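Remember, it's a predicted structure, so these values are computed and weren't measured experimentally. Quick note: residue numbers are just sequence positions, from 1.
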Amino acid sequence: MKADKQSTPGGIDMTTINTLQIQRREILEIVAVVKGMLSPEQLRIGPIAKVAHILLCDLCEKMSEHLAEEHKGVYPSLLTHDNPEIKNMAWGLINKDKLLKPEFTKYKKRWLKDCEFQFTEAFLADTEGLLDTLQNRMDLEQKSVLPRLEKQHVIASV
């Protein structure tokens with residue numbers, strides 16, 4: 001998905017809240033579908049296992065794009081904002097991202113590197129943990145980050 005951009009007075013392209021909301025919604029939709037597929041009975045069926053694998057690959061890609069979009073199009077303006085609360089929020093998110101990115105990398109290397117759709121108990125546990133982490137991140141953005149940014153007029157709504 002191509003991000004909507006809006007230029008700041010200094011000419012810097014910023015990601016819009018609408019873009020972040022769309023990305024967030026897409027990520028949560030995939031999380032919900034995959035969670036519905038995560039049972040040993042479901043994953044014993046070859047086509048379902050293949051779809052689950054593809055969706056997990058897509059989810060990791062979308063989440064990586066979402067985080068990159070925030071780092072490129074949101075955080076620079078937050079880190080230079082006059083309001084110290086906004087700056088602190090940005091640093092908090094950046095620090096959480098430092099933990100989230102390696103978790104993705106480790107997960108992708110361990111579980112998504114091949115086309116053998118063998119879904120073990122360890123895979124199910126790791127996947128459920130990753131999906132919960134993503135859902136928590138998206139909830140944090142929806143309930144706290146995006147409303148604060150919109151209220152402070154830090155990033156544009158559309």
Side-chain angles (χ1 to χ4, degrees), residues 1-38 42 48-113 123-124 126-158:
M1 180 190 104
K2 184 134 172 72
D4 293 333
K5 300 285 185 177
Q6 185 152 1
S7 290
T8 63
I12 299 170
D13 284 340
M14 280 185 19
T15 300
T16 65
I17 287 184
N18 186 48
T19 299
L20 297 176
Q21 290 283 28
I22 290 168
Q23 290 174 341
R24 185 189 151 282
R25 192 171 32 253
E26 289 173 351
I27 289 166
L28 289 174
E29 286 172 354
I30 295 172
V31 167
V33 169
V34 171
K35 279 189 170 192
M37 301 170 99
L38 287 183
Q42 291 275 0
I48 292 175
K50 183 175 182 175
V51 169
H53 187 271
I54 291 167
L55 286 173
L56 286 167
C57 291
D58 288 350
L59 177 63
C60 287
E61 183 65 30
K62 284 190 179 296
M63 193 62 196
S64 295
E65 289 172 7
H66 182 71
L67 293 174
E69 186 68 41
E70 289 178 333
H71 280 267
K72 208 172 42 176
V74 176
Y75 295 157
S77 63
L78 301 184
L79 293 171
T80 58
H81 198 272
D82 294 337
N83 185 335
E85 273 187 38
I86 299 294
K87 285 181 186 178
N88 287 338
M89 181 182 63
W91 280 116
L93 291 169
I94 290 168
N95 288 330
K96 286 181 182 184
D97 290 354
K98 287 180 184 177
L99 300 174
L100 189 58
K101 286 180 183 182
E103 188 174 343
F104 271 117
T105 302
K106 180 181 167 189
Y107 181 86
K108 287 192 286 191
K109 282 181 184 176
R110 181 169 184 197
W111 298 115
L112 303 177
K113 64 181 176 191
F123 165 80
L124 292 174
D126 282 359
T127 301
E128 288 172 1
L130 184 72
L131 295 176
D132 289 343
T133 299
L134 294 180
Q135 207 161 15
N136 290 337
R137 171 56 184 252
M138 294 298 103
D139 288 347
L140 172 68
E141 288 184 13
Q142 180 63 28
K143 293 176 183 170
S144 178
V145 176
L146 295 177
R148 287 174 70 188
L149 296 178
E150 193 167 27
K151 181 180 177 185
Q152 296 283 330
H153 303 288
V154 175
I155 59 178
S157 297
V158 187

**Item:** Set of salt bridge (Lys or Arg N to Asp or Glu O under 4.0 Å) partners for R110, sequence neighbours left out
**Value:** D126
**Asked** Hey, are the side chains of K108 and S64 touching, using non-hydrogen atoms and a 4.5 Å cut-off?
**Response** yes
**Message:** Nearest 0.5 Å, please: how far is CD in E150 from CG in L20?
**Reply:** 10.5 Å
**Message:** Please report the interatomic distance CD1(I17) to CD1(I22), rounded to the nearest 0.5 Å.
**Reply:** 12.0 Å
**Asked** Roughly how far apart are Q42 CD and I48 CD1, rounded to 0.5 Å?
**Response** 4.0 Å
**Prompt:** Which residues satisfy the side chain to side chain contact (heavy atoms under 4.5 Å, CB included) test with K35, sequence neighbours excluded?
**Reply:** V31, L131, D132, Q135
**Verdict with supporting geometry, L78 and L149, side chain to side chain contact (heavy atoms under 4.5 Å, CB included)** = CA-CA 9 Å; L78 301 184; L149 296 178; 3.3 Å; yes
**Message:** For I94 and E70: C-alpha separation, side-chain torsions, deciding distance, then whether side chain to side chain contact (heavy atoms under 4.5 Å, CB included) applies.
**Reply:** CA-CA 9 Å; I94 290 168; E70 289 178 333; over 6 Å; no
**Complete:** Rounding to 0.5 Å, atoms CD (E65) and CG (D58) come to a distance of 9.5 Å
**Complete:** Of all heavy-atom pairs linking L100 and M63, the shortest is CD2-CE, 3.9 Å
**Fill in**
Q21 meets the side-chain hydrogen bond (donor to acceptor under 3.5 Å, both in side chains) criterion, sequence neighbours left out, with Q142
**Request:** Any salt bridge (Lys or Arg N to Asp or Glu O under 4.0 Å) involving residues 16-25? Give me the pairs, sequence neighbours left out, ordered by first then second residue.
**Result:** none
**Item:** F104 vs L130 side-chain heavy atoms within contact, under 4.5 Å
**Value:** yes
**Request:** Only counting residues at least two apart or in another chain, list the ones meeting side chain to side chain contact (heavy atoms under 4.5 Å, CB included) with T105.
**Result:** K109
**Asked** Have H66 and E61 got a donor and an acceptor in their side chains that come within less than 3.5 Å?
**Response** no
**Reference residue K62; test salt bridge (Lys or Arg N to Asp or Glu O under 4.0 Å); the match among E69, E26, E29** = E26
**Request:** For E128, enumerate each residue passing the side chain to side chain contact (heavy atoms under 4.5 Å, CB included) test, keeping only those at least two apart in sequence or located in another chain.
**Result:** L38
**Asked** For the residue pair V145 and M89, what are the closest heavy atoms and their distance?
**Response** CA-SD, 3.9 Å
**Message:** Using modelled atom types and a 3.5 Å cut-off, is there a donor and acceptor pairing between side-chain atoms of S144 and backbone atoms of L140?
**Reply:** no
**Asked** From K151 NZ over to L146 CG, what is the distance, rounded to the nearest 0.5 angstrom?
**Response** 14.5 Å
**Request:** Please identify each residue that fulfils ring pair (Phe, Tyr, Trp, His ring centres under 6.0 Å) with H71, with sequence neighbours left out.
**Result:** Y75
**Pairs meeting criterion salt bridge (Lys or Arg N to Asp or Glu O under 4.0 Å) with involvement of residues 81-104, two or more places apart** = E85-R148, D97-R137
**Item:** Side chain to side chain, L112 and Y107, heavy atoms closer than 4.5 Å
**Value:** yes
**Prompt:** So how far is it from I30 CD1 to L56 CG, rounded to the nearest 0.5 Å?
**Reply:** 9.0 Å
